[in-house]
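Take a look at the structure below.
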There are 2 protein chains.
Amino acid sequence: MKLQLQIKMNEALFVRNPESSELGKNILKHSVELIYEAGFEAFTFKKLATKIGTTEAGIYRYFENKHKLLVYLTAWYWGWLEFQISFHTNNIDNPSVKLKRVINLLATAVEDDEETTHINESLLHQIIISEGSKAYLTKQVGEDNQQQFFKPYKDLCAVIGNIISECNPTYKYPKSLASTIIEMAHFQNFFMNHLPSLTDFGDTKEESEIIAFLNDLVFSSLNK
Amino acid sequence: MKLQLQIKMNEALFVRNPESSELGKNILKHSVELIYEAGFEAFTFKKLATKIGTTEAGIYRYFENKHKLLVYLTAWYWGWLEFQISFHTNNIDNPSVKLKRVINLLATAVEDDEETTHINESLLHQIIISEGSKAYLTKQVGEDNQQQFFKPYKDLCAVIGNIISECNPTYKYPKSLASTIIEMAHFQNFFMNHLPSLTDFGDTKEESEIIAFLNDLVFSSLNK
DNA sequence: TTTATTTGATAGCAATACTATCACATAAAA
DNA sequence: TTTTATGTGATAGTATTGCTATCAAATAAA
């Protein structure tokens, strides 16, 4: 059985639904690869079109501009990750165990699941680390937020915040701690690989150390 | 007495030293204002030139491109902040008191010190919150780092890491905790103002709450 | 078989990101 | 006082980016 994971995306993120056609799926697939290779600043629809073998105008039929495409990809990622979390923490009663599992999922490089989607989750994970914050660090955050573009991110944050509150109902900052975990799972990874002196993991460059750091951080706060 | 605070900048960041001429200082002053108003993506040398009353080519005589200018401004900010920290924690023996003071400085909106420099520190602080990470979240981090562009940031992180180690010599992640404090002082501020559901401060939007959160986070970790 | 949908191909335009050149003013050096 | 160096202004030009519009061919649905 080959099960198709379909993530319901916000309609305002695209002009034409990229999941609805071959070209659309190609745009998603190759944009992930190209952003990964070239970085978001150097990424253009022209280059993407050439890579796919279509024209610039063809891309514009699906996405208004590259910012919307980036927001689409990040939203997809957060939706996908929330599914992964609900899947992997299913049937776990102990909220601390659940939270540890969540931290693992956040900070672990994902393997590409070739069966389920045309998107390479492993590359996308790297993109989220390097480019993810650029989706909201803009002048238009307000409007984008009003259009619910960041709902998947906020939902995920709420889910984690709830697990935190389960661990310790008196803890005062569940949402801020949740967003801290999410951001730091990525930033410490980026720092470790590119600006190692900002971390304590420069020598080994092991994800497991980031996980240990985050666990220490979180459970110190919750078990005071 | 009017004391001139001069921050020694990395020579590779500029073509011609902007501190060395009136036009140069104007570039710094107005670029801070323009990036603040328009955001970094919409900021161009053309617009800056028009605002100053010079030409595009005039700006290029000082900065190779807008990325270098952003890196310059962030480097300046971190240098300035390290000075503020060493100034305001001078003569404090107790490392915990020192660390609290540091968290305050990181998370508090600075007032512009019109006397000392032509740069509006208050606007620059806002720029660092919204655009700061774009200085290093690029494909060229490696080369930029080799040229020591991020030294002021790394130095600041080292300073804070040392205070953390003074507080608790057995704590295993002083540098990662330091970079976490720095980043979160800014990100929680950005979230509070633009994506409030990612924080616990959406109702009040008070900086003091971010400070309380960071203090709780840090001293829970250090006083286990 | 008609009609709607999707794509490819081409054109074009305004803005961006630069580089190059010449001339003028001014201030320091000879 | 003349020479020389320095900083700025003005103009021009080019490649790329970001985006819109139009037309025709191919394919699939009605």
Side-chain angles (χ1 to χ4, degrees), chain A residues 9 11-31 34-35 37-73 118 131 134-135 138-140 143-144, chain B residues 9 11-31 34-35 37-73 118 131 134-135 138-140 143-144:
Chain A
M9 298 297 296
E11 303 254 326
L13 278 172
F14 48 77
V15 183
R16 209 212 282 317
N17 191 340
E19 299 279 0
S20 73
S21 74
E22 274 314 302
L23 179 59
K25 287 177 199 159
N26 261 318
I27 290 174
L28 295 179
K29 179 179 160 63
H30 287 95
S31 64
L34 191 52
I35 293 174
E37 287 161 23
F40 187 65
E41 279 70 38
F43 167 82
T44 68
F45 278 5
K46 185 94 224 292
K47 290 176 191 164
L48 179 59
T50 311
K51 186 175 153 77
I52 299 180
T54 181
T55 58
E56 224 182 331
I59 316 284
Y60 279 103
R61 288 196 185 105
Y62 286 86
F63 289 99
E64 220 177 300
N65 51 49
K66 71 174 184 170
H67 175 248
K68 284 264 173 74
L69 175 53
L70 178 66
V71 176
Y72 182 99
L73 291 175
H118 38 282
E131 325 284 358
K134 296 172 192 168
T138 68
K139 271 283 155 184
Q140 342 118 35
E143 300 131 62
D144 285 0
Chain B
M9 299 297 296
E11 304 254 324
L13 279 172
F14 49 76
V15 183
R16 212 211 276 323
N17 191 341
E19 300 279 1
S20 73
S21 75
E22 274 313 301
L23 180 59
K25 287 175 199 159
N26 262 318
I27 291 174
L28 295 180
K29 180 179 159 63
H30 288 96
S31 64
L34 191 52
I35 294 174
E37 289 162 22
F40 186 65
E41 277 71 37
F43 167 83
T44 68
F45 278 6
K46 186 95 222 290
K47 290 177 190 164
L48 178 59
T50 310
K51 186 175 152 79
I52 299 179
T54 181
T55 59
E56 225 183 330
I59 316 284
Y60 279 102
R61 288 197 186 104
Y62 286 86
F63 289 99
E64 220 176 302
N65 52 48
K66 70 174 186 170
H67 175 247
K68 284 264 174 74
L69 174 53
L70 179 65
V71 175
Y72 182 100
L73 291 175
H118 39 280
E131 325 284 358
K134 296 171 192 168
T138 69
K139 270 284 155 184
Q140 339 119 37
E143 300 130 62
D144 286 1

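So you know, we letter chains A, B, ... as the sequences are listed, proteins then strands, and number each from 1.
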Between D/dG18 (P) and A/Phe63 (CZ): distance, integer Å: 16 Å
B/Lys66 side-chain N/O to B/Phe43 backbone N/O, donor-acceptor pair under 3.5 Å: yes
5' priority, DNA chain D, between B/Gly24 and B/Glu56 [closest heavy atom]: B/Gly24
Phosphate contact (D/dG9 OP1 or OP2) by B/Thr55 side-chain N/O below 4.0 Å: no
Integer-rounded Å distance: C/dA4 C1' and A/Arg16 CZ: 12 Å
Lys/Arg N to Asp/Glu carboxylate O, B/Lys134 vs A/Glu41, below 4.0 Å: no
Atom pair distance, as rounded to whole Å: CG in B/Asn26 and C1' in D/dT8: 12 Å
Listed nucleotide nearest any side-chain atom of A/Thr44, set D/dG9, C/dT16, D/dG18: D/dG18
Pair of N/O donor and acceptor under 3.5 Å linking C/dC18 base with B/Glu64 side chain: no
Phosphate OP1/OP2 of C/dT7: any A/Tyr62 side-chain N/O under 4.0 Å: yes
B/Tyr60 side-chain proximity, nearest of C/dT6, C/dC18, D/dC19: C/dC18
Closest non-hydrogen atom pair, B/Leu69 against B/Ser31: CD2-CB, 3.8 Å
Distance test, side-chain N/O of A/Ser21 to OP1/OP2 of C/dT6, below 4.0 Å: no
Rounded interatomic separation in angstrom, taking CG from B/Asn17 and C1' from D/dG7: 14 Å
Whole-Å distance separating the CD1 atom of A/Ile52 from the P atom of C/dT7: 11 Å
Atom-pair distance (CG on A/Leu48; C1' on D/dC19), nearest Å: 15 Å
Minimum heavy-atom distance A/Ile52-A/Leu23, with the two atoms named: CG2-CD1, 4.1 Å
Residue A/Ala57, side-chain atoms from C-beta onward, closest of C/dT7, C/dA17, D/dA21: D/dA21
Whole-Å distance separating the CZ atom of A/Phe45 from the P atom of D/dC19: 8 Å
Closest to the B/Thr54 side chain, choosing from C/dT7, D/dG18, D/dG9: D/dG9
Whole-Å gap separating C1' (C/dT5) and CG (A/Leu23): 13 Å
Minimum-distance nucleotide (side-chain atoms of A/Arg61 versus D/dG9, D/dT8, C/dA9): C/dA9
A/Leu48 CG to A/Thr55 OG1 distance, which is reported to the nearest 0.5 Å: 11.0 Å
